[in-house]
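Report on the following structure.
Ligands are counted one by one from 1 in listed order, and the atoms in each one are counted from 1 as well.
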Amino acid sequence: MLNIILFGPPGSGKGTQSEFLREKYHLTYISTGQILREEIAAETEVGLQVKDLISKGNLVSDEIVAQIIEKRLSDNPNAAGFLFDGYPRTVRQAEILDDMMQKYHLGLAGVLSLEVPENLLIERMLERGKTSGRADDNIESIKHRFVEYDAKTKPVLDFYEKKGKLHAVNGVGSIPEIFERLCQAVENVP
Ligand code: B4P
C-alpha cells in the first residue's frame with residue numbers, strides 16, 4: 001500500500017501534481033483545501049465556520065481538518081493507498097495523522113516536498129486568481145498565507161526529516177518535468 005503526503009508552500013503545485021499522481025498510482029485523494037472549499041460552496045456548518053478564515057489566508061483549526069481526514073480514512077477501507085494533499089499543515093496535525101494511520105494500520109511511504117521560490121509562488125497564485133474565483137488568491141491573503149506557512153507549516157518538515165521520511169523535490173519547471181521528478185521520488189522510497 002502506497003501512502004504519500006504531498007507537501008509544499010501555498011501555490012507550489014500540490015493540487016496540480018496530485019491529479020497525475022493519483023491517476024498513475026491509483027491513490028485515493030484527500031485534499032483538505034479542496035474539501036473545505038466544497039464545504040464552503042455547499043454552505044454546510046463547517047463551511048460557514050471556515051469561510052472567513054480561509055478567505056483571509058488563515059489556517060483552519062486542527063480539530064476540523066482531523067475530522068475531515070478521519071472520515072475519508074474510515075470511508076475508504078479498500079483504498080490501494082492515500083495521497084494527502086495539503087495535510088498535515090501543523091506539527092499537531094502531523095501527530096494526529098500518525099495516530100490515525102496507526103489506528104487504520106496504514107504505513108507512510110514518504111513526504112514529497114515541492115520546493116519553489118516565493119516570488120514564483122506569488123506569480124502563480126495571482127495568475128490563478130484571474131480565473132479561479134478563489135477568495136484567497138489576492139495579494140493580501142497570499143502574503144498572510146506565507147506568514148502562516150512560515151510559522152506553523154514549515155516546522156512539519158523537521159518532524160518528517162527526523163523520521164527519515166522527507167524527500168525534497170524541485171518544484172520549478174514545466175508541469176510534466178516536475179511530475180517526472182515526483183515519480184522518481186515515489187519509486188525511490190524504501
Ligand atoms: P490548498 O487548497 O491546499 O491550496 P494551495 O496551498 O494554495 O495550493 P496548491 O499547492 O495546491 O497549488 P496549485 O496546484 O493549485 O489550501 C487552501 C487553504 O485551505 C489554506 O490556505 C487553508 O486556509 C485551508 N487549509 C487547507 N488544508 C488545511 C489544513 N490541513 N489545515 C488548516 N487549513 C487548511 O498551483 C497553484 C497555481 O500554479 C495553479 O494556478 C497552477 O496552474 C499553477 N502551477 C502549478 N504548477 C505549475 C508549474 N510547474 N509552472 C507554472 N504554473 C504552475
Side-chain angles (χ1 to χ4, degrees), residues 4-22 29-41 46-47 49-73 82-98 100 111-157 159-160 169-182:
I4 302 172
I5 294 173
L6 190 57
F7 187 93
S12 54
K14 301 182 294 289
T16 305
Q17 296 295 336
S18 287
E19 279 190 38
F20 301 106
L21 286 170
R22 61 196 272 202
Y29 177 54
I30 306 180
S31 158
T32 42
Q34 186 191 80
I35 294 165
L36 290 165
R37 282 188 289 280
E38 285 166 6
E39 297 278 341
I40 293 171
V46 167
Q49 248 177 296
V50 303
K51 188 176 177 186
D52 277 355
L53 281 173
I54 291 188
S55 71
K56 291 184 183 134
N58 292 303
L59 290 184
V60 169
S61 79
D62 294 339
E63 291 69 29
I64 288 180
V65 283
Q67 282 167 24
I68 287 173
I69 297 290
E70 173 125 40
K71 181 167 185 329
R72 297 311 186 281
L73 296 184
F82 289 96
L83 174 60
F84 299 95
D85 163 4
Y87 184 87
R89 260 179 157 98
T90 65
V91 171
R92 183 70 198 121
Q93 290 181 17
E95 291 165 353
I96 293 171
L97 181 62
D98 254 14
M100 273 198 254
V111 178
L112 310 181
S113 170
L114 286 170
E115 298 190 334
V116 183
E118 195 169 305
N119 59 340
L120 198 52
L121 295 170
I122 295 176
E123 214 176 276
R124 286 183 188 176
M125 284 188 283
L126 289 177
E127 191 55 37
R128 178 174 67 185
K130 290 180 189 165
T131 53
S132 68
R134 274 180 57 164
D136 57 350
D137 279 343
N138 60 77
I139 191 68
E140 256 178 52
S141 302
I142 290 170
K143 283 187 175 158
H144 190 65
R145 282 153 73 190
F146 286 124
V147 172
E148 289 276 84
Y149 176 78
D150 286 339
K152 299 176 185 167
T153 307
K154 247 190 190 165
V156 175
L157 288 170
F159 180 92
Y160 288 114
V169 175
N170 178 1
V172 181
S174 71
I175 291 170
E177 275 166 1
I178 298 164
F179 178 57
E180 188 50 43
R181 289 176 205 145
L182 287 167

Ligand 1 contacted by Arg37 (non-hydrogen, < 4.0 Å)
yes
Rounded to the nearest 0.5 Å, what separates atom CD in Glu118 from atom OH in Tyr149?
10.5 Å
Evaluate Ile122 against Ile139 for side-chain contact (heavy atoms from CB on, under 4.5 Å), listing each step before the verdict.
CA-CA 8 Å; Ile122 295 176; Ile139 191 68; 3.8 Å; yes
Minimum distance, heavy atoms only, to atom 15 (O) of ligand 1: which one of Arg128, Arg145, Arg89 is it?
Arg128
Which of the ligand 1 atoms, numbered from 1, are nearer than 4.0 Å to a heavy atom of Thr16
13 (P), 14 (O), 35 (O), 41 (C), 45 (C)
Answer yes or no: is there a donor N or O on one side and an acceptor on the other, between the side chain of Ser141 and the main chain of Asp137, under 3.5 Å?
no
Just how far is it from atom CD of Glu123 to atom CG of Leu121, taken to the nearest 0.5 Å?
10.0 Å
Ligand 1 contact by Ser12, heavy-atom criterion under 4.0 angstrom:
yes
Residue-ligand contact Gly57/ligand 1, heavy atom below 4.0 Å
no
Contact with ligand 1 for Arg134, non-hydrogen, under 4.0 angstrom:
yes
For atom CZ of Phe20, decide whether the heavy atoms of other residues, nucleotides or ligands shown that lie under 6.0 angstrom number more than 12.
no
Going through the distances and angles, do Thr153 and Phe7 end up as a side-chain contact (heavy atoms from CB on, under 4.5 Å)?
CA-CA 10 Å; Thr153 307; Phe7 187 93; 3.6 Å; yes
CD of Glu19: more than 12 outside heavy atoms within 6.0 angstrom?
no
Among the heavy atoms of Gly171, does any lie under 4.0 Å from an atom of ligand 1?
no
Best match, Arg124, Lys14, Gln93, Glu19: closest heavy atom to atom 48 (C) of ligand 1
Arg124
Select one of side chain, backbone, both or neither to describe which atoms of Leu114 lie under 4.0 Å from any atom of ligand 1, heavy atoms only.
neither
I need the Asp136 CG to Leu53 CG distance, nearest 0.5 Å.
11.5 Å
Examine the proximity of ligand 1 to Leu53 and report which part, side chain or backbone, both or neither, has a heavy atom under 4.0 Å away.
neither
Would you indicate which of Leu121, Asn58, Leu36, Ile142 comes nearest to atom 22 (C) of ligand 1 when only heavy atoms are counted?
Asn58
With only distance considered, is Val60 within less than 3.5 Å of ligand 1 through an N or O on each side?
yes
Which is it for Gln17 and ligand 1 at heavy atoms under 4.0 Å: side chain, backbone, both or neither?
neither
Nearest 0.5 Å please: distance from the CZ atom of Arg89 over to the CZ atom of Phe84.
14.5 Å
At under 4.0 Å between heavy atoms, what of Val65 touches ligand 1? The answer is side chain
